[in-house]
Amino acid sequence: MFQRLPDAGDATLSITVDGKPVKARAGDTVAATLLAAGIDHCRTTPVSGAPRAPYCMMGVCFECLVVIDGVGNRQGCLIPVRDGMAVETQHGKRELER
Amino acid sequence: MSGAPELRDSYDVAIIGAGPAGMAAATICAGAGLSTVLFDEQPAPGGQIYRAVGETPVRRPAVLGNDYWYGERLVHALRASAAHHVPGATVWSLSRDREIGVSIDGAARLVQARRVIIATGALERPFPIPSWTLPGVMTAGAAQILLKSSGMIPHGRTVLAGSGPLLWLLAWQYLNAGAKLDAILDTTPRANRKTAWPHAAAFLLSPYFRKGLRLLLSVRRRVRVIADVSDLRAEGDGKLQTIVYRVGDGAETRLPADTLLLHQGVVPNVNLAMSVGIEHRWDEEQLCWTPVVDGFGGTAVDGIAIAGDGAGIAGAWAAEERGKLAALAAVRALKPDARRDLLPDEARVRLALAQVERGRLFLDRLYRPADRFRLPEGDTLVCRCEEVSARQVVETVALGCTGPNQMKSFLRCGMGPCQGRLCGLTVTELIARARGVSPAEVGHYRLRPPVKPITLGELAALPKSEVAIKAVVRG
Amino acid sequence: MTAPDVIVIGGGLHGCSTALHLARRGIRVLVIEKDHVGRHASGVNAGGVRRLGRHPAEIPLSVASMELWHAIHDLVDDDCGFESHGQVKVAESDAEFDTLRRRVEEVRTLGFTHEELIGQDELRDLVPAISPHCVGAIVCRRDGAALPFRTTLAFKRKAESLGARFIEGTRVIGLSRASNAWRIETTDGAHEAPRIVNTAGAWAHQVAAQLGEPVPLEVIAPMLMISAPMAPFLQPVLGATGRPLSFKQFTNGTVLIGGGHRGRPDPETNWTDLDFTALAISARTVWDLFPVMRGAQIVRAWAGIEARMPDDIPVIGRSRTSENVWHAFGFSAHGFQLGPVVGAIIAELIATGHTNLPIAPFDIARFARPSSS
């Protein structure tokens with residue numbers, strides 16, 4: 001569970017996470033945004049469906065994989081959050097293109 | 001500021017990783033008049049140690065400390081140089097003739113360089129305890145990134161666990177920022193003090209000594225520290241709820257918690273270097289793979305050097321000096337007539353390097369992680385990506401899998417997206433122990449590009465080449 | 001330790017299969033492998049188990065081998081990950097479909113019925129995810145795929161259980177005649193046996209040269225890549241007609257993409273360099289044929305070290321220069337499926353002097369230089 005220091009300034013951007021509105025701070029990564037919003041897990045594993053959340057925050061663990069604007073397997077800790085982004089929990093195996 | 005310059009197809013020098021080594025090297029190469037590109041995955045330069053130093057929302061210098069703010073100097077020098085810094089650039093391949101595959105903004109490119117300096121730094125040593133994959137369990141490094149990049153601190157019940165200077169540094173920074181810490185569980189084995197002691201004298205002369213001591217004492221005054229933790233696991237249903245630990249031979253203690261931050265040292269990030277075929281040897285002191293390099297970070301692969309923690313863990317200041325040495329070698333190779341006054345003096349760099357490396361052995365010995373925290377058992381997951389347990393690894397050795405590459409084929413461990421970054425060392429050490437041989441004999445995963453995943457679309461859009469179209473075999 | 005009757009040089013699938021079939025006949029065999037069993041082409045190939053698309057000379061062997069695959073557990077006490085959902089070779093145009101029709105007729109003429117021509121509707125049934133522009137295909141319904149490293153290791157383990165011996169990390173450095181036997185010098189001492197088998201893969205020409213029968217073997221490094229796990233969309237293994245492709249989805253959802261584009265091998269150091277501009281061509285092929293793959297992520301690429309003969313068929317049979325030597329090498333990137341039967345053929349040749357399967361086209365003599373006059 002993480003909270004922002006007052007120094008961090010306001011979360012002025014708006015994104016959605018699984019359709020629900022979430023405030024985000026310009027300069028944060030998607031993974032940091034999810035943690036600040038108290039979201040428990042960002043994906044479930046393809047092998048067993050276990051819930052996972054960001055672990056290393058530096059792009060080496062691949063736990064923070066999320067679907068961003070319809071594209072899956074994105075490392076949330078490497079992607080700066082943008083106003084209007086649609087983030088979704090990545091469930092299990094990668095869904096197919098339609 | 002005007003738009004970023006167009007990325008060229010080739011450069012004199014390509015540097016991968018904008019931490020202290022990469023920034024120092026890029027600044028020098030560009031300053032000597034070599035066309036220089038610096039690729040970095042993060043949105044801003046600094047690497048991990050100086051993460052977000054140009055843009056951190058944590059403006060009060062006392063929170064993160066002077067050592068962190070020192071990084072600003074390197075960033076300024078980089079920005080003032082003619083080096084082309086490309087942020088958000090993920091390098092996924094490097095060939096032996098120095099062709100770099102890189103993805104920027106979802107588009108893959110191939111860039112050629114005459115010299116390459118790999119400065120991809122370090123990553124946290126895996127800390128495989130039972131249920132370490134539960135949401136709520138993260139690394140201390142991750143916590144530092146959240147603090148530096150986003151000004152975030154934990155709330156709720158927070159416990160730090162492990163061993164090593166970074167754990168204390170994080171605790172200190174957290175306390176400065178006003179975070180509340182429930183406990184620090186110190187897993188440093190008591191026995192380490194005896195093996196470290198002979199090297200303490202050298203450490204007393206190290207610049208780290210006084211800083212480190214002050215930091216340690218400051219944290220101990222303000223947080224409950226439980227030493228000699230011999231056993232540790234996480235528990236919870238879908239997320240962390242309880243930490244269970246044992247001190248020495250004592251009984252188990254249960255500690256409700258929301259956040260567990262683990263750390264037991266850092267190890268070189270070897271994936272890119274190994275994927276080019278650079279030889280690595282097992283370092284029994286630091287319990288990890290380190291590349292075989294010369295005094296300038298040069299490897300046996302022509303024109304490719306490694307600088308910084310990726311060449312062996314020695315900290316940020318050492319990384320900067322090694323970056324300078326790698327740059328010097330590159331300049332001498334490509335522009336021998338470069339003006340001397342634009343280049344650092346090699347002797348002085350080596351002196352500085354020796355000074356900051358002093359006392360390293362003491363720290364390595366003191367904070368050598370315990371066997372039980374490097375060699376998990378039973379159902380504890382070793383490979384997080386493919387959910388392979390320690391028991392499965394050990395059982396597969398009995399089937400005749402003598403090394404990690406054979407094991408990949410049976411268990412899929414190491415075949416997930418992290419490409420062994422979080423399981424490689426554990427698998428090698430588990431196999432070594434099961435076989436009764438050294439990790440050096442067991443070997444490491446055979447790493448191949450792409451060292452970071454790329455999409456089919458990106459790959460499909462790479463430029464065609466005539467030669468490639470013709471060179472096909474009917475399979 | 002009693003001396004072996006046969007020494008097999010090279011612990012890939014063909015070496016292990018030979019060892020197994022010899023051991024089944026009670027013949028004492030020693031396999032000498034310079035790295036570890038299954039280290040090279042045998043352990044890292046696409047795992048295709050197919051009769052489809054074979055050179056006519058290989059068809060009888062391939063058909064025989066397929067029967068062994070369908071009972072592989074009986075042979076090696078392991079299912080080797082073999083799955084049989086068919087292999088399909090698609091035509092992307094009417095011209096390609098004509099090529100496939102002619103091929104099926106040719107195979108029929110040879111007396112084989114395993115290749116069937118299907119139209120667009122049935123193709124869509126078998127491979128619902130295929131791009132609509134594909135007009136038809138050849139299907140071999142009992143073809144499939146297996147796990148190459150696991151298969152090779154299974155052959156080794158079964159052979160060992162029947163008395164075969166394997167030494168690994170030992171390289172052959174010399175061959176010579178010693179009284180009535182072959183003397184093999186290795187990096188770890190000498191071994192002797194009356195008979196030797198050359199299954200040394202991409203290094204087999206070095207062995208052949210030592211025997212005075214050089215062959216124009218080319219060392220190649222066919223590249224493969226694999227995706228992150230995806231929801232299931234493909235059962236059969238897929239190939240194309242006008243462009244190289246080998247495409248398969250595993251039960252765990254990962255998709256393997258091969259196709260014969262080559263990297264650069266260094267057989268002396270076991271290193272291979274990948275060529276990403278060539279892999280890009282495979283990526284474009286997949287993009288065209290399987291729109292569902294357009295969001296796929298490639299997590300790894302690799303290339304094994306393989307041997308190719310100029311006519312793209314292997315060398316199988318007796319040495320033409322030396323007594324008591326047999327060869328089985330040069331499988332040109334399609335030897336995996338033939339592994340079970342080729343070992344049986346070599347063992348039969350050694351034990352009885354002949355085999356019923358037609359191996360004349362694979363004679364090493366086809367590479368012999370005419371003697372200078």
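To find a chain, count down the sequence lines: A is the first, B the second, and so on, and within it residues start at 1.
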B:Glu279 CD: over 12 foreign heavy atoms closer than 6.0 Å: no
Pairs of heavy atoms under 4.5 Å with chain B: top-ranked of C:Asn252, C:Leu245, C:Ile226, C:Leu153: C:Asn252
When C:Pro148, C:Ala303, C:Ala301, C:Gly48 are compared by non-hydrogen pairs under 4.5 Å with chain B, the top option: C:Ala301
So, taking the atom named [atom1] in [X] and the one named [atom2] in [Y], what distance separates them when rounded to the nearest 0.5 Å?
{"X": "B:Asp97", "Y": "C:Arg264", "atom1": "CG", "atom2": "CZ", "answer": "5.5 Å"}
{"X": "B:Glu99", "Y": "C:Asp275", "atom1": "CD", "atom2": "CG", "answer": "7.5 Å"}
{"X": "B:Cys401", "Y": "C:His36", "atom1": "SG", "atom2": "NE2", "answer": "9.0 Å"}

Residue among B:Gly457, B:Ala461, B:Gly403 with most heavy-atom pairs under 4.5 Å to chain C: B:Gly457
Among C:Leu274, C:Val299, C:Ile298, side chain to side chain contact (heavy atoms under 4.5 Å, CB included) partner for B:Pro450: C:Ile298
C:Arg157 side-chain N/O to B:Leu399 backbone N/O, donor-acceptor pair under 3.5 Å: yes
Polar side-chain atom of C:Arg284 near backbone of B:Leu462 as donor-acceptor pair, under 3.5 Å: yes
With only heavy atoms counted, which part of [X] is less than 4.5 Å from chain B, the side chain, the backbone, both or neither?
{"X": "C:Asn45", "answer": "neither"}
{"X": "C:Met223", "answer": "neither"}
{"X": "C:Ile257", "answer": "side chain"}

Less than 4.5 Å apart, side chain to side chain, heavy atoms only: is that true for [X] and [Y]?
{"X": "B:Phe410", "Y": "C:Leu147", "answer": "no"}
{"X": "C:Phe276", "Y": "B:Pro449", "answer": "yes"}
{"X": "B:Arg448", "Y": "C:Thr272", "answer": "yes"}
{"X": "C:Phe149", "Y": "B:Lys408", "answer": "no"}

What part of [X] is in contact with chain C, defined as an atom under 4.5 angstrom from a non-hydrogen atom: side chain, backbone, both or neither?
{"X": "B:Ser275", "answer": "backbone"}
{"X": "B:Arg446", "answer": "both"}
{"X": "B:Gln419", "answer": "side chain"}
{"X": "B:Val451", "answer": "neither"}

Contacts of residues 103-115 of chain B with chain C (heavy atom under 4.5 Å): B:Leu110
From CA spacing to verdict: side chain to side chain contact (heavy atoms under 4.5 Å, CB included), C:Thr254, B:Arg412: CA-CA 11 Å; C:Thr254 59; B:Arg412 288 193 54 81; 3.7 Å; yes
Closest heavy-atom pair and its distance - B:Leu456, C:Trp287: CD2-N, 4.1 Å
